[in-house]
Amino acid sequence: ADTIKVGILHSLSGTMAISETSLKDVALMTIEEINARGGVMGKKLEAVVVDPASNWPLFAEKARQLVSKDKVAAVFGCWTSVSRKSVLPVFKETNSLLFYPVQYEGEELEKNVFYTGAAPNQQAIPAVEYLMSKDGGGAKRFVLLGTDYVYPRTTNKILRAFLKSKGVKDSEIQEVYTPFGHADYQTIVANIKKFSAGGKTAVISTINGDSNVPFYKELGNAGLKATDVPVVAFSVGEEELRGVDTKPLLGHLAAWNYFESVKNPTNAAFVKKWKAYAAAKKLPNAATAVTNDPMEATYVGIHMWAQAVEKAKSTDTDKVIAAMAGQTFKAPSGYTLTMDMTNHHLHKPVMIGEIKSDGQFSVVWKTKEPVRAQPWSPFIQGNEGKQKL
Amino acid sequence: MANLLKTLAALLVLAFASLSAQAAIDPNLLKPLAGDDPDARIEAVARIAALANDDARKVLQALKDDTLYTTPDGGVLVVTDDRGWNPATGATGPLPDGVDGVVVNNRLRGAVDGALSGMALLSPDAGLRRTAAQALLARGVTPEQLPLVAKALAAETDAGIEATLRTAMAVADLQSPDVAVRKAAVIALADTGTASLRPQLQAMLDKNADGSHAEPDGDLRLAAANTLNAIDSRESRAEFVGNLFYGLSLGSVLLLAALGLAITFGLMGIINMAHGELLMIGAYTTYLVQALFRQYFPNALDWYLVAALPCAFFVAFAVGVLLERTVIRWLYGRPLETLLATWGISLILMQSVRTVFGAQNVEVANPSWMAGGVTVMGSLVLPYSRIAIIIFAALVVAAVWLILNKTRLGLFVRAVMQNRRMADCVGVPTSRIDMMTFGLGSGIAGLGGVALSQIGNVGPDLGQAYIVDSFMVVVLGGVGQLAGTVIGALGLGEVNKFLEPVAGAVLGKIAILVFIIIFIQRRPQGMFALKGRSVE
Amino acid sequence: MLQVEHVNQYYGSSHTLRGVSLTVEKGQCMALLGRNGVGKTTLLKCLMGVLPVARGKVSWNGRDITKLKPHQRARAGIAYVPQGREIFARLTVEENLVMGMATLSSREAATISGEVYELFPVLKEMKHRRGGDLSGGQQQQLAIARAMLQKPGLIILDEPTEGIQPSIIKDIGRVIRLLRERGDMGILLCEQYFDFAHELADKFVVMSRGEVVASGDAAEMGEEHVRRHLAV
Amino acid sequence: MNARVTSRKSLFSKRAWTALAVVTVVAAALPLLNLVFPAGHALHVSSYVMGLVAKFMCFALAALALDLVWGYTGILSLGHGLFFALGGYAHGMYLMRAIGRDGVYQSHLPDFMVFLDWKEYPWYWAMTDNFWYCMLLVVLVPGVLAFVFGYFAFRSRIKGVYFSIITQALTYAAMLLFFRNDTGFGGNNGFTDFKRILGFDITAPGTRAVLYIVTLAFLVGALLLCRWIVTSRLGRVLQGVRDSESRLMFIGYDPLWFKLFVWTLSAVLCGIAGALYVPQVGIINPSEMSAANSIEMVVWVAIGGRGTLVGPIIGAFTVNGLKSWFTATFPDLWLFALGLLFILVTLFMRKGILGLFEDVKSLRRKTPADKPVEEKSREAA
Amino acid sequence: MTLEISALKRDGLDTTHGAILYLSDITVSFDGFRAINKLNLDISVGELRCIIGPNGAGKTTMMDVITGKTRPTSGTAFFGQTYDLATMTEYEIAHAGIGRKFQRPTVFEQHTVFDNLELAMKMDKRVRPTLFARLTSEQEDKIASILRLIRLNGQEDRLAGLLSHGQKQWLEIGMLLMQEPQLILLDEPVAGMSDAETARTAELLNELRGKHSIMVVEHDMGFVTEIAQQGKVTVLHEGSVLAEGRMDQVQADERVIDVYLGR
Ligand SMILES: Nc1ncnc2c1ncn2[C@@H]1O[C@H](COP(=O)(O)OP(=O)(O)OP(=O)(O)O)[C@@H](O)[C@H]1O
Ligand SMILES: Nc1ncnc2c1ncn2[C@@H]1O[C@H](COP(=O)(O)OP(=O)(O)OP(=O)(O)O)[C@@H](O)[C@H]1O
Ligand SMILES: NC(N)=O
Ligand SMILES: [Mg+2]
Ligand SMILES: [Mg+2]
């Protein structure tokens with residue numbers, strides 16, 4: 001064939017469309033960008049877009065379709081961990097490639113997957129360290145608030161162990177979970193308020209996309225300000241904030257590996273390109289288009305894959321995997337990201353941003369260098385032997 | 001923090017002693033603000049605050065509002081409408097190139113807030129003073145601030161503010177080295193103290209490692225224990241009232257979500273799976289009205305919600321009428337098939353919104369009069385937005401009740417829904433009534449959507465989040481029973497909110513569902529079931 | 001004046017009405033007779049517009065109403081007491097009666113005329129009970145009262161005496177006679193209770209298998225050839 | 001007189017038997033075509049297609065089960081996704097045990113238990129390493145749950161939408177329960193990463209072919225069983241339950257046991273469908289219990305034609321087939337197409353797709369003058 | 001529950017005291033309104049009893065009480081000596097041998113006429129037997145004869161919902177006969193029937209007299225006179241017995257004329 005097909009596997013309908021739609025678009029933009037440059041190995045890339053509709057078994061079906069029917073060279077996709085778990089067997093069975101662009105809980109390392117989002121040590125732990133620091137407000141008590149699923153659970157498990165290692169007592173940690181789509185945070189916010197009476201408190205939120213708006217609205221209603229009880233979130237980025245009135249949220253935090261507001265030429269170009277793309281394709285709400293971390297991770301992932309294919313001179317899975325190791329890419333975050341030699345995760349910088357009234361984040365803290373991912377968190381028992389991975 | 005406040009307070013006292021200090025601010029004072037040494041910035045805020053003049057307040061306010069910018073030469077500008085005011089010179093001019101916003105983090109913001117509220121304690125504006133006093137109470141007064149507070153207290157004329165300040169003083173007095181002062185403070189706080197004092201009071205009761213009491217004075221310990229008890233019982237009362245309120249407010253939300261369905265499903269028997277999407281349409285209409293106001297009537301932005309109500313009603317009404325005319329009207333008497341068709345409608349409406357507005361949520365802001373809330377019983381905040389929703393729900397229910405029970409139209413509606421053919425035969429234009437009824441139900445769903453937009457997501461999936469709950473409410477109350485829907489919604493809200501603290505949100509929700517299942521066993525026709533022959 | 005010309009109707013493939021024609025004049029009571037299942041109810045439903053007519057024409061006071069909806073016919077002055085009562089089960093008796101005045105202006109509909117309460121005292125007693133809770137005969141009375149309140153020009157009665165106690169049947173008979181004698185109303189009475197029909201009717205038609213097989217003045221009603229069509 | 005009785009509908013007409021046999025044989029041939037012909041051959045059937053058909057057959061079995069209660073007995077369940085999922089979970093427990101120590105943590109416990117720091121299997125996992133025991137669970141868990149739930153609900157004479165809504169509440173509650181990690185079924189992720197079944201590699205073409213054939217056999221078997229039931233006198237009692245339950249009581253039937261019988265049978269069939277589904281799609285998780293999934297099942301039945309048994313099978317294949325096709329071909333627009341399909345079928349094909357065939361057949365027989373006039377049924381109480 | 005039914009069946013109906021139905025002091029009130037007020041009534045074995053009374057007198061409600069549809073507020077209702085009707089469910093009562101025709105015809109509209117009759121037929125009505133049941137030739141003959149009796153032969157394959165009002169009445173009577181109940185309750189059986197049909201029904205009832213105990217509620221006095229013959233007629237009024245006696249006696253009773261027959 002004179003094109004190389006790549007699959008894009010993001011939900012365009014159902015509950016996850018909120019987050020995943022823009023990943024599909026940014027992937028298409030990236031592919032256009034690569035094609036404009038002449039493609040890969042002289043061939044144009046051809047995107048095959050499917051809609052797994054936020055339905056996990058359908059993810060597996062669509063993955064199989066992309067790999068075995070459309071014969072794509074690689075698949076970029078998934079957001080939730082369960083969708084990833086659902087497609088894994090397909091990629092293993094067919095020995096093909098998945099690029100996964102979202103922060104996740106770790107505890108996984110598959111040969112057929114490249115993880116371009118953050119592992120817990122690249123997001124959660126630095127964020128908590130910041131909260132405990134003087135500048136972060138010196139939090140002593142923590143509310144670990146999340147949606148009841150594996151990512152929050154694992155993250156909180158890791159954080160609990162981490163906090164313990166920092167001398168925080170169990171009585172000073174409150175772990176609260178809500179069901180998916182929970183929309184009434186009155187009681188929880190009241191409880192946070194009560195808990196915070198006991199001393200400087202921070203909330204670590206792993207609330208899933210949909211519940212964030214009601215949570216933050218309630219927080220604003222109850223008059224809990226960031227200066228009293230800061231909330232740091234791991235799933236709230238620029239895209240999510242588009243749907244929130246940010247005035248009451250001033251100063252609440254998020255930890256990511258990229259913010260739209262970081263200032264460097266690569267990012268300026270990236271943001272400009274995205275806005276132009278959104279306008280050109282008449283995406284809904286193009287006028288207020290924003291970039292965010294998983295979009296950057298998608299962008300980086302596709303480029304790195306393209307570089308690896310060039311290097312391997314083949315789209316053969318094993319050859320590409322070999323070529324991926326040590327790939328570098330100058331990312332919009334302003335850092336040159338490296339694909340780890342062994343663990344399929346990117347080395348990423350960690351940044352903490354405070355919400356501004358315009359829905360952007362001002363970066364209040366960041367690491368000097370990209371941090372190597374620890375997919376097997378040392379804070380989880382039984383992972384001791386896996387730290388070299 | 002304590003150190004900082006100490007300096008701050010000392011400086012404030014100084015400042016107020018010479019309130020007349022004037023003129024522009026020393027650039028050296030401003031310079032650290034533009035830098036990135038956090039400690040130096042905090043220090044600078046304290047020093048500027050000590051100036052206690054209008055200029056200082058302007059600078060601090062600008063910091064707070066994110067309108068303070070740095071210039072390339074290391075100065076700062078307060079920016080309003082593309083013009084910069086230089087506090088060092090007092091000059092106002094166009095913005096030079098290369099200005100950049102001063103990064104404010106929470107720590108700095110906290111310091112600015114503290115400084116501003118300290119300054120506000122002596123402000124002539126009672127509102128400002130009250131806010132400041134409350135902020136002070138929330139933040140805690142250090143012994144060093146006492147003179148300032150004392151001074152403010154002496155000058156205070158408003159009883160409410162005075163009480164707040166007294167409480168703040170008492171809190172501070174808890175740390176006094178003088179047993180008598182401590183005791184007086186502990187006793188004073190029995191009536192006003194909040195849970196935030198518990199650690200301090202508890203500390204008085206604790207024993208040291210060697211077994212001796214941390215607080216040597218026995219009487220004082222007793223007083224502390226009493227105060228703790230008083231605070232605890234007040235808190236638990238507040239908690240109870242809080243739960244009651246949360247339940248009422250959740251119930252009102254459920255009610256607003258379900259009320260339209262009580263008409264389209266309860267009265268008309270249409271298993272309207274697109275009901276949620278009608279809520280969504282109401283919410284998106286609110287969003288559009290807001291956008292319109294932002295664009296054309298920015299001054300009246302606070303009133304966009306009022307305009308959104310009729311708009312949402314009519315848009316949803318129109319969509320409802322359209323659906324009724326094109327699809328639903330063919331399905332009367334085939335209730336189960338309405339499930340299928342409206343499920344299809346729901347998919348289409350959702351995807352339409354996704355196509356037009358994007359898959360992401362859109363932003364709907366609370367008008368400023370809905371921000372914040374009243375504080376009752378010391379610690380319980382009743383948000384205005386929630387209160388507004390409760391009142392709104394009551395109004396909508398009353399309106400629906402009046403329409404259905406006190407007007408001829410309402411009688412026709414009920415008659416048509418019970419026996420369409422016979423209603424036709426006595427001269428009721430049934431298809432128009434059908435259309436109006438479905439439109440009414442849809443319009444009310446639209447109103448519900450306006451309310452929901454104020455507390456949650458406005459996105460393509462908004463409706464999906466409420467559809468199951470809405471059906472539960474209507475069925476629990478008894479299909480076709482407006483009163484049942486009201487009681488069902490409020491009941492579910494209350495049960496939920498009293499369960500949640502005990503069981504947690506997840507198990508609480510499961511418990512609610514099990515409760516519904518068991519309840520229906522007891523009352524297989526819902527809460528307000530009709531009895532007798534007429535239901536056969 | 002109601003004029004029915006060659007009306008045909010089908011249920012699926014079965015031809016239920018085969019060219020039925022009849023005329024009801026103002027001030028006249030027309031009895032519609034026939035065995036069970038011959039299509040009487042079907043005809044009345046066609047006249048009321050509840051069922052569509054496949055072929056043929058129905059006109060009322062010279063106006064073609066074949067294509068009108070039931071509520072339009074009601075507004076044109078036709079009232080209907082269906083077989084099986086069809087009261088509004090969950091409306092109160094009073095509300096049911098108010099429904100009878102749906103075609104009147106809301107001022108006229110504000111009060112229920114005492115006449116019906118006099119005729120059917122039980123309805124006044126049970127004014128606040130739900131229609132569906134009434135006994136069968138009470139419901140039948142309610143259905144008749146409801147139609148009377150409409151002040152119609154034509155009243156169509158489908159077996160109005162079914163399930164009603166003898167004394168009230170007599171009252172209903174009196175009412176029908178009264179209405180007839182007022183002269184401003186046509187009455188189409190479908191009835192199994194032969195003697196009752198005989199007493200009230202001015203004219204009659206007999207149907208069999210969807211066709212009119214006999215018709216004439218009340219005087220001929222008792223004749224053998226008529227009786228024959230009613231026997232089993 | 002006896003002629004009357006022999007003319008009563010037998011299990012199938014001759015033509016229907018032939019059609020059934022042909023379809024079954026063609027369906028059974030797919031895995032052969034997959035195994036025998038190499039990829040690229042004109043007669044080759046890809047494993048992707050085979051996987052799809054297998055999945056659809058599981059859905060079809062669930063739809064068939066639903067039709068038994070909804071179509072024939074008038075009990076609309078909005079919670080059959082629960083029984084489907086429970087069957088799936090029951091089989092999934094075995095599949096998880098069969099992973100052995102090949103999981104990520106190389107423990108004898110499934111990864112999610114290791115992650116929760118559990119040291120032992122909780123009691124309800126006892127014996128799940130035995131395949132046949134799990135198969136028993138596949139039948140028993142949905143069956144017993146349905147029986148108990150049904151017993152109380154039917155005894156309280158809960159009917160109509162009230163019943164539908166509490167089935168929805170039931171599946172919703174179960175979904176929330178299964179989402180909890182502490183419940184011990186893998187939380188949100190559920191079970192995945194299966195490796196083998198009865199010692200055979202679960203991804204091997206041969207294993208897949210066998211699973212496919214087993215699914216087909218169950219589907220055909222269930223169709224015959226259901227057909228037999230609905231044509232028996234019991235079937236007519238069930239329809240009596242649907243149309244006038246109180247009348248049935250006055251002639252001496254206790255509807256409770258009739259309802260309970262089909263309800264439980266339906267749940268069991270649905271559980272079996274779930275159990276067949278899990279090894280073939282490789283994942284089971286609580287989203288199968290979401291309200292929307294159960295409603296979709298109802299949609300399959302309605303689209304195909306309620307109360308016809310064959311219709312729901314056609315419906316499940318049609319809806320899911322279109323969904324698979326649309327999501328790949330028009331990823332942005334497919335919901336419009338699907339939504340429109342639902343509306344059009346409801347409006348123009350009152351009896352679903354199967355009804356359309358019958359209408360066409362009867363149209364050919366009738367003269368235009370015979371246009372059927374349907375009297376609108378009386379208001380539903 | 002199925003067990004109980006078979007237990008009851010085995011006991012059989014005990015009518016040693018000559019009466020098949022005893023109602024004593026039955027009261028039924030709906031939200032304070034007494035539809036039945038301390039009603040006392042016995043029916044003897046083989047008796048054909050006519051019940052008349054004004055609309056709303058409580059006749060249908062009384063049948064509701066007997067068939068378990070409505071629970072009496074107070075009082076006792078016994079079928080034979082042993083069956084306490086107040087404690088039994090509708091189907092248990094039906095099984096015990098009470099059959100009823102409703103005031104408004106109720107048949108299975110989606111079933112054919114034949115199926116309606118088959119379902120009503122006297123047989124083991126538990127789940128398993130119905131699943132494996134096959135029609136025997138006697139049963140077929142029985143259905144055929146009932147079909148002829150109710151004049152629906154030739155229409156047995158029509159859906160019952162498509163019958164006319166009168167035909168449904170007949171079908172319901174047919175179903176009742178298929179049930180072979182010991183006590184038959186007929187609520188206005190000839191309402192909506194033509195005079196000829198009414199005569200036929202009277203004939204039928206006269207045939208059944210003696211074989212079954214029958215209770216008939218009717219407003220058609222001609223019909224009542226015809227079937228009551230020399231038997232007892234009970235007049236209900238406002239929930240209690242107003243008068244009882246032979247038809248001619250009752251018809252002459254001033255009170256009955258006042259409240260019921262009219263002048
Ligand atoms: N909805 C229907 N569909 C098909 N056939 C019907 C329908 N309703 C009635 N029929 C048939 O049409 C014929 C006429 O019915 P109709 O109800 O008009 O009879 P009728 O003369 O009013 O009888 P009755 O005196 O018993 O009320 C009957 O044979 C009946 O079976
Ligand atoms: N569920 C109920 N709620 C209120 N009143 C009721 C209810 N059921 C019956 N009634 C009343 O009880 C009385 C007796 O009704 P019932 O149906 O037994 O009368 P009936 O003797 O059968 O009359 P008919 O000859 O008209 O059929 C009536 O006045 C009726 O309105
Ligand atoms: N991996 C996540 N965010 O689910
Ligand atoms: Mg008739
Ligand atoms: Mg009666």
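Convention: sequence-line order gives letters A, B, ...; per-chain numbering from 1.
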May I have a list of the donor-acceptor pairs under 3.5 Å that connect chain A with chain D?
{"from": "D51(A)", "atom 1": "N", "to": "T327(D)", "atom 2": "O", "distance (Å)": "3.0"}
{"from": "D51(A)", "atom 1": "OD2", "to": "W334(D)", "atom 2": "NE1", "distance (Å)": "2.5"}
{"from": "E61(A)", "atom 1": "OE1", "to": "K55(D)", "atom 2": "NZ", "distance (Å)": "2.3"}
{"from": "E61(A)", "atom 1": "OE2", "to": "S324(D)", "atom 2": "OG", "distance (Å)": "2.5"}
{"from": "K62(A)", "atom 1": "NZ", "to": "S324(D)", "atom 2": "O", "distance (Å)": "2.8"}
{"from": "K62(A)", "atom 1": "NZ", "to": "T327(D)", "atom 2": "OG1", "distance (Å)": "2.8"}
{"from": "Q65(A)", "atom 1": "OE1", "to": "Y48(D)", "atom 2": "OH", "distance (Å)": "3.3"}
{"from": "K85(A)", "atom 1": "O", "to": "T192(D)", "atom 2": "OG1", "distance (Å)": "3.3"}
{"from": "K92(A)", "atom 1": "NZ", "to": "D193(D)", "atom 2": "OD1", "distance (Å)": "3.0"}
{"from": "E93(A)", "atom 1": "OE1", "to": "R208(D)", "atom 2": "NH2", "distance (Å)": "3.2"}
{"from": "E107(A)", "atom 1": "OE1", "to": "Y105(D)", "atom 2": "OH", "distance (Å)": "2.2"}
{"from": "K157(A)", "atom 1": "NZ", "to": "F115(D)", "atom 2": "O", "distance (Å)": "2.0"}
{"from": "K157(A)", "atom 1": "NZ", "to": "D117(D)", "atom 2": "OD1", "distance (Å)": "3.4"}

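Heavy atoms closer than 4.5 Å to chain A are found in the side chain of L52(D), but not in its backbone. No part of L88(A) comes within reach of chain D, as not one of its non-hydrogen atoms sits under 4.5 angstrom from that chain. Residue P57(A) touches chain D through both its backbone and its side chain, counting heavy-atom pairs closer than 4.5 Å.
Interatomic distance, CG of D340(A) versus CZ of F114(A), reported as 10.5 Å (0.5 Å rounding). Atoms CE and OG1, on M295(A) and T298(A) in that order, are 8.0 Å from each other to the nearest 0.5 Å. Taking CD1 of I284(D) as the reference point, atom CG of L86(D) lies at 8.5 Å (rounded to 0.5 Å). Separating the CD1 atom in I173(A) from the CD1 atom in I204(A) is a distance of 8.5 Å, to the nearest 0.5 Å.
Applying the side-chain contact (heavy atoms from CB on, under 4.5 Å) test to V210(D) and every residue at least two apart in sequence or in another chain returns V214(D). Evaluation of the side-chain contact (heavy atoms from CB on, under 4.5 Å) rule for A62(D) yields F84(D), C270(D), A273(D), M297(D) as partners, not counting sequence neighbours.
The candidate with the highest count of non-hydrogen atom pairs below 4.5 Å against chain A, out of V104(D), V49(D), L176(D), is V104(D).
Among residues at least two apart or in separate chains, there is no salt bridge (charged side-chain N to carboxylate O under 4.0 Å, His left out) pair with a member in residues 81-91 of chain D.
The number of heavy atoms from other shown groups lying within 6.0 Å of CZ (F37(D)) is above 12.
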